[in-house]
**Student:** 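The structure under discussion is supplied below as structure tokens; questions concerning it will follow.
All values below come from the heavy atoms of this structure, side chains included, with hydrogens, waters and symmetry mates left out.
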Amino acid sequence: MTKKTYAIQVDDLTVAYDYKPVLWDIDLKIPEGVLMAIVGPNGAGKSTLIKAILGIIKPIAGSVKIFGKPYKKQVDKVAYVPQKGSVDWDFPTTALDVVMMGTYGTLGWIKRPGQKEKKTSLEALEKVGMLEFKNRQISQLSGGQQQRIFLARALVQNASIYLMDEPFQGVDATTEKAIINILKELRNAGKTLIVVHHDLQTVPEYFNWVTFLNVKGIASGPVRDIFNDGNLTKTYGINYKVAVNK
Ligand SMILES: Nc1ncnc2c1ncn2[C@@H]1O[C@H](COP(=O)(O)OP(=O)(O)OP(=O)(O)O)[C@@H](O)[C@H]1O
């Protein structure tokens, strides 16, 4: 029997800061083509998990495979949208330049982005409703607009897997809907999307796959199977009455 290859496979992963484990012996298999939420209380290790998948943080044990291979061999298949707060928005650059930076990975080194990359970047800006801001300094954008720029930058990478750390943080309802529609489109095109998410009420509407993360472990699978009061209670320690499958 052939072994199934997952978009992301995490085995026995333990990650620690200053020898204090944050993730402990985590196993996680994410199939290709899902739109997945990672939920869990503050400090559960959601961002840490994403950073460990990306190799930004080195685990003390375990392994991460992207389509069956180490991340280093799959860098061009993965796009990352970091938490907005972790970026220096005062850096003097325009919205268009930030998006164009996303095309660098598809260029060989030496090559600089040209007309083709500019066109792709302008199309991505249009897709996220930000074309009119293309020449604006990024420091002069609102939080929601900055978030859209990030998304546009991820779009031009034309990756297979998108890892997004709280893309809805501080955005208004209209922007949130616009972003989720783009994410659903990407999923329908076969991409795999992993999104750190805090609003439990919207999980069933937005996502078809979910991973619960908390200090006691992990549960992962289709939303319709595992997004239930039992897992919510285990993860958050209080009884959530979230209506699913109504
Ligand atoms: N660079 C670091 N050095 C030391 N400890 C850290 C570091 N980054 C995170 N931590 C700790 O690791 C734990 C997990 O943090 P992480 O940011 O992964 O959680 P999270 O689930 O994303 O939280 P939130 O929902 O608040 O964003 C927390 O207790 C945090 O204080």
**Student:** Check Lys77 against Ala159 and note the closest heavy-atom contact, atom names and distance.
**Tutor:**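 Answer, listing the atom of Lys77 first, then Ala159: O-CB, 3.2 Å.
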
**Student:** Tell me, with the steps shown, if Ile149 and Leu125 meet side-chain contact (heavy atoms from CB on, under 4.5 Å).
**Tutor:** CA-CA 7 Å; Ile149 295 298; Leu125 278 169; 3.5 Å; yes

**Student:** Which pair of heavy atoms, one from Pro167 and one from Val196, lies closest together, and at what distance?
**Tutor:**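 Scanning both residues, the minimum pair turns out to be CD-O, 3.8 Å.
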
**Student:** Do Lys46 and His198 make a side-chain contact, defined as non-hydrogen atoms from C-beta onward lying under 4.5 Å apart?
**Tutor:**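 Lys46 reaches His198 side chain to side chain.
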
**Student:** Keeping the roles fixed (side chain from Thr202, backbone from Glu205), state whether a donor-acceptor pair exists under 3.5 Å.
**Tutor:**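 Side chain of Thr202 to backbone of Glu205, a donor-acceptor pair under 3.5 Å: no, none is there.
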
**Student:** Show your reasoning for whether side-chain hydrogen bond (donor to acceptor under 3.5 Å, both in side chains) applies to Thr235 and Asn214.
**Tutor:** CA-CA 6 Å; Thr235 304; Asn214 78 352; 4.6 Å; no

**Student:** Without swapping roles, check the side chain of Asp18 against the backbone of Lys20 for a donor-acceptor pair under 3.5 Å.
**Tutor:**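 No; zero donor-acceptor contacts below 3.5 Å.
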
**Student:** Are Leu151 and Ile179 close enough that some pair of their side-chain heavy atoms sits under 4.5 Å apart?
**Tutor:**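 When only atoms from C-beta onward are counted, Ile179 and Leu151 do touch, with a gap below 4.5 Å.
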
**Student:** Please identify each residue that fulfils ring-ring contact (aromatic ring centres under 6.0 Å, His included) with Tyr162, with sequence neighbours left out.
**Tutor:**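 For Tyr162 there are no ring-ring contact (aromatic ring centres under 6.0 Å, His included) partners, ignoring immediate neighbours.
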
**Student:** Please evaluate residues Ile218 and Phe212 with respect to the criterion side-chain contact (heavy atoms from CB on, under 4.5 Å), reporting the C-alpha separation (whole Å), side-chain torsions for both, the decisive distance (0.1 Å), and the verdict.
**Tutor:** CA-CA 5 Å; Ile218 193 162; Phe212 289 94; over 6 Å; no

**Student:** Can you find a pair of side-chain heavy atoms, one from Ile26 and one from Leu213, that are under 4.5 Å apart?
**Tutor:**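 The answer is yes, as the side chains (C-beta and beyond) meet within the 4.5 Å cut-off.
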
**Student:** Determine whether Ser160 and Val78 satisfy the following criterion, side-chain contact (heavy atoms from CB on, under 4.5 Å), listing intermediate values before the conclusion.
**Tutor:** CA-CA 6 Å; Ser160 304; Val78 184; over 6 Å; no

**Student:** Mind checking whether Leu141 and Phe91 sit in one hydrophobic cluster, side chains of I, L, V, M, F, W, Y counted as touching below 4.5 Å?
**Tutor:**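 No, because Leu141 and Phe91 fall into different hydrophobic clusters, even though each may have its own neighbours under 4.5 Å.
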
**Student:** Check residues 50-71 and write down every donor-acceptor pair under 3.5 Å in which the side-chain atom is one partner and the other belongs to a residue at least two apart or another chain.
**Tutor:**
none

**Student:** Rounded to the nearest 0.5 Å, how far apart are OG1 of Thr211 and CD1 of Ile30?
**Tutor:**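 Result: 5.5 Å between the selected atoms.
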
**Student:** So how far is it from Met164 CE to Ile194 CD1, rounded to the nearest 0.5 Å?
**Tutor:**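 The distance works out to 10.0 Å.
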
**Student:** Given the rule in the side-chain contact (heavy atoms from CB on, under 4.5 Å) test, do Val39 and Val210 qualify, once you have shown the distances and angles that lead to the verdict?
**Tutor:** CA-CA 7 Å; Val39 299; Val210 64; 4.1 Å; yes

**Student:** Please collect all side-chain hydrogen bond (donor to acceptor under 3.5 Å, both in side chains) contacts where either partner lies in residues 181-194, sequence neighbours excluded, each pair once.
**Tutor:**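 The answer is Lys127-Glu185, Asn158-Lys191.
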
**Student:** Looking at every heavy atom in both Leu13 and Val10, which two are closest together, and how far apart are they?
**Tutor:**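 Reported closest heavy-atom pair: CB-CG1, 3.4 Å.
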
**Student:** Rounded to the nearest 0.5 Å, how far does CD of Glu166 lie from OG of Ser47?
**Tutor:**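 Taking OG in Ser47 and CD in Glu166, the distance rounds to 6.0 Å.
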
**Student:** Look up atom NZ in Lys134 and atom CD in Glu126, then write down how far apart they are to the nearest 0.5 Å.
**Tutor:**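 Result: 10.5 Å between the selected atoms.
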
**Student:** Report yes if the distance between the aromatic ring centroids of Phe168 and Tyr206 is under 6.0 Å, otherwise no.
**Tutor:**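 Judged by ring-centre distance (under 6.0 Å), Phe168 and Tyr206 do meet the cut-off.
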
**Student:** Would you mind reporting whether Lys118 and Thr103 have side-chain heavy atoms less than 4.5 Å apart?
**Tutor:**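 A side-chain contact is absent here, since even the closest heavy-atom pair is not under 4.5 Å.
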
**Student:** Tell me, do Phe133 and Thr94 make a side-chain contact under 4.5 Å, heavy atoms counted?
**Tutor:**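 When only atoms from C-beta onward are counted, Thr94 and Phe133 do not touch, as no gap falls below 4.5 Å.
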
**Student:** List in chain and number order the residues that pass side chain to side chain donor-acceptor pair (under 3.5 Å) with Glu32, two or more places apart in sequence or in another chain; answer none if no residue qualifies.
**Tutor:**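 Glu32 satisfies side chain to side chain donor-acceptor pair (under 3.5 Å) with no other residue.
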
**Student:** Where do Gln157 and Gly102 come nearest, in terms of heavy atoms and distance?
**Tutor:**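 Heavy atoms of Gln157 and Gly102 come nearest at CG-O, 3.1 Å.
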
**Student:** Which heavy atom of Trp209 sits nearest a heavy atom of Ser220, and at what distance?
**Tutor:**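 Looking at all heavy atoms of both residues, the shortest contact is NE1-OG, 3.9 Å.
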
**Student:** Any side-chain donor paired with an acceptor under 3.5 Å for Asp11 and Gln9?
**Tutor:**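 Gln9 and Asp11 do have a side-chain donor-acceptor pair below 3.5 Å.
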
**Student:** Looking at CD1 of Ile8 and CG of Leu28, how far apart are the two atoms once the value is rounded to the nearest 0.5 Å?
**Tutor:**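 The CG atom of Leu28 is 7.5 Å from CD1 of Ile8, to the nearest 0.5 Å.
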
**Student:** Would you indicate whether the side-chain heavy atoms of Tyr17 and Thr48 approach each other to under 4.5 Å?
**Tutor:**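 When only atoms from C-beta onward are counted, Tyr17 and Thr48 do touch, with a gap below 4.5 Å.
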
**Student:** Could you state the interatomic distance from CG (Asp172) to CD (Gln145), rounded to the nearest 0.5 Å?
**Tutor:**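 Answer for the CG-CD pair, Asp172 versus Gln145, is 9.5 Å.
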
**Student:** With a 4.5 Å cut-off on side-chain heavy atoms, are Ile161 and Leu193 touching?
**Tutor:**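 No, too far: nothing below the 4.5 Å cut-off.
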
**Student:** Is the closest side-chain heavy-atom distance between Leu23 and Thr14 below 4.5 Å?
**Tutor:**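 A side-chain contact is absent here, since even the closest heavy-atom pair is not under 4.5 Å.
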
**Student:** List the residues meeting side chain to side chain contact (heavy atoms under 4.5 Å, CB included) with Gln140, not counting sequence neighbours, and say none if there are none.
**Tutor:**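 If we apply the side chain to side chain contact (heavy atoms under 4.5 Å, CB included) test to Gln140, skipping adjacent residues, the hits are Arg136, Gln137.
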
**Student:** Report the residues that fulfil ring-ring contact (aromatic ring centres under 6.0 Å, His included) with Tyr6, sequence neighbours left out, ordered by chain and then residue number.
**Tutor:**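 Scan of Tyr6 (ring-ring contact (aromatic ring centres under 6.0 Å, His included), adjacent residues dropped) gives none.
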
**Student:** Quick one: closest heavy-atom pair of Val156 and Ala124, and the distance?
**Tutor:**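 So the two residues come closest at CG1-CB, 3.6 Å.
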
